[in-house]
**Student:** 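This structure is in C-alpha cells; I'll ask about it shortly.
All values below were derived from every heavy atom in this structure, side-chain atoms included, with hydrogens, water molecules and symmetry-related copies excluded. Indexing begins at 1, ligand by ligand and atom by atom, following the structure's order.
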Amino acid sequence: MNYQMKDKVALIIGGGGGSGRISAQMFAQEGCKVVVADISEEEAKKTADLIVADGGVAVYIKCDVTKEEDIEATVNLAETTYGKLNFALNIVGTNTDFTELANVPSKNFDVMFNVNTRSTFLGMKYEIAAMQKAGGGSIVNMASAGGLVGQYKQGLYNPTKFAVVGMTKAAALDYAKDNIRVNCICPGPMLSAGMQAALNKDPHFGDQYLTGIPLNRFIGQEEVASAFLYLCSEKAAAITGVALPIDGGMVAD
Ligand SMILES: NC(=O)c1ccc[n+]([C@@H]2O[C@H](COP(=O)([O-])OP(=O)(O)OC[C@H]3O[C@@H](n4cnc5c(N)ncnc54)[C@H](O)[C@@H]3O)[C@@H](O)[C@H]2O)c1
C-alpha cells in the first residue's frame with residue numbers, strides 16, 4: 001500500500017517491541033522519518049537499527065511514559081531532529097491484575113492509571129503542541145476492546161482504557177480546528193511474542209482468551225500496525241474521534 005508519507009515525521013511511543021516495533025517499521029517503509037521511544041533503550045535502538053538497515057530513517061530515545069519530562073524530551077527530539085511532528089502513536093500500556101476488582105491491591109490503581117491513561121494524556125499534550133506548529137497531524141492512541149466493553153476480572157484495566165477512548169474523542173473535538181485528527185484503536189487479544197511461544201508449546205493455551213471472539217482467533221500485531229498506519233494516512237482524512245475495534249467481532253455481540 002502506498003500511503004504517500006514521504007518526509008513525514010512519525011513518533012512511536014512504545015516502539016521498542018510488539019505492535020510498536022512493527023508499526024515503526026511500517027511507517028518507515030511508507031517514507032516516514034521515525035522517532036522510536038521506549039522505556040527499554042536497547043529495544044528502541046534495535047527498532048531504529050532495523051529501520052536504518054532496511055534503508056529507512058530513524059532515531060531512538062529512552063522514554064518512561066510515567067515521566068512527563070521524558071515525554072516532553074521525546075517530542076522535542078522529533079522537532080529538533082526532523083523539524084516537525086506529523087504522526088504520533090501512544091501505544092504503551094500494562095495490566096497488573098487478572099482478578100476480581102475487590103482483590104486488586106490498591107497501589108495498582110495508580111500504576112495502571114499512570115502507565116495506561118496519564119501517559120496518553122501527556123503524550124497528546126506535547127504532540128498536539130508540536131502538530132499545531134506543523135499545521136496539523138494525526139494521533140492514534142492504543143485503547144483496547146476492553147475500553148469499549150466490560151470484561152471479567154479487568155476491574156482496573158477496563159477503566160484505564162475507557163478513559164483513553166474518552167480522551168481520544170474529547171481531543172478530536174477540540175483540535176479538529178487545527179487540522180489534527182485523533183483516533184484510537186481497540187484490539188482484542190493480540191498475538192504477542194509471549195503468546196505465540198506459549199501456543200507453539202500447547203496449541204490450546206489460548207483457548208481461554210478466544211471465548212467471545214466470533215472469528216475465533218488472535219489479532220496479529222501487524223493487523224494492529226496496519227490500522228495505525230491507515231488512520232494516520234490521508235486515506236483516513238475524514239476520520240477523527242473514532243475508537244476502532246480490531247477484535248474479531250468481540251464487541252459486536
Ligand atoms: N496484548 C494484548 O492482547 C492487547 C490487547 C489490546 C490492547 N493492548 C494494548 O496494547 C499495548 C501494547 O501491549 P503489549 O502487550 O504488546 O505490550 P508490551 O508488553 O509488548 O509493551 C509494548 C512496549 O512498551 C514498552 N513499555 C512498557 N512500559 C513502558 C513505560 N513505562 N514507558 C515507555 N515504554 C514502556 C515496552 O518496553 C514494550 O516495548 C498496551 O497499551 C496494551 O494495553 C494489548
Side-chain angles (χ1 to χ4, degrees), residues 11-25 35-48 50 60-75 77 88-98 110-123 126 140-149 151 154 156-165 167-168 184-199 205-206 208-213 217-225 227-228 243-248 250-251:
L11 166 60
I12 320 292
I13 302 185
S19 61
R21 172 169 289 159
I22 296 170
S23 300
Q25 291 177 290
V35 177
V36 183
D38 202 283
I39 196 168
S40 167
E41 189 169 9
E42 191 184 339
E43 295 303 324
K45 179 178 185 311
K46 207 178 281 177
T47 302
L50 285 167
Y60 67 93
I61 183 169
K62 178 180 170 63
C63 169
D64 178 349
V65 296
T66 64
K67 296 181 177 158
E68 181 164 1
E69 62 273 23
D70 280 16
I71 292 187
E72 185 176 16
T74 295
V75 174
L77 180 69
L89 309 184
N90 298 306
I91 296 182
V92 177
T94 191
N95 198 355
T96 51
D97 299 279
F98 187 76
D110 286 347
V111 173
M112 287 292 285
F113 272 87
N114 272 335
V115 177
N116 291 5
T117 313
R118 184 173 175 269
S119 69
T120 308
F121 163 73
L122 292 174
Y126 289 97
V140 189
N141 297 318
M142 178 66 103
S144 169
L148 297 171
V149 294
Q151 295 168 293
Q154 297 293 297
L156 260 189
Y157 184 77
N158 284 163
T160 65
K161 293 297 187 177
F162 269 71
V164 170
V165 172
M167 261 193 284
T168 298
C184 65
I185 62 169
C186 300
M190 262 195 300
L191 199 52
S192 62
M195 181 62 74
Q196 186 61 67
L199 286 172
F205 177 81
Q208 56 182 314
Y209 298 99
L210 298 180
T211 311
I213 311 286
R217 70 166 178 85
F218 285 95
I219 310 306
Q221 290 177 318
E222 63 296 330
E223 293 177 304
V224 168
F228 278 132
L244 178 66
I246 306 171
D247 65 345
M250 178 179 154
V251 305

**Student:** Applying side-chain hydrogen bond (donor to acceptor under 3.5 Å, both in side chains), can you list everything that pairs with Asn158, at least two apart in sequence or on another chain?
**Tutor:** Gln151
**Student:** Regarding Asp97 and Gln154, is there a side-chain donor-to-acceptor distance under 3.5 Å anywhere?
**Tutor:**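 Result is no, nothing qualifies.
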**Student:** Between Glu42 and Lys45 (salt bridge meaning N to carboxylate O under 4.0 Å), is one present in this structure?
**Tutor:** no
**Student:** Run through ligand 1 for me and note each protein residue having a heavy atom under 4.0 Å from it, chain first, then residue number.
**Tutor:** Gly14, Gly16, Gly17, Asp38, Ile39, Cys63, Asp64, Val65, Ile91, Val92, Gly93, Met142, Ala143, Ser144, Tyr157, Lys161, Pro187, Gly188, Pro189, Met190
**Student:** Kindly write out the residues that satisfy side-chain hydrogen bond (donor to acceptor under 3.5 Å, both in side chains) with Thr66, not counting sequence neighbours, or none if the list is empty.
**Tutor:** Asp64
**Student:** Partners of Phe113 by ring-ring contact (aromatic ring centres under 6.0 Å, His included), sequence neighbours excluded?
**Tutor:** Phe109
**Student:** With a 4.0 Å cut-off on N to O distance, would you call Lys46 and Glu41 a salt bridge?
**Tutor:** no
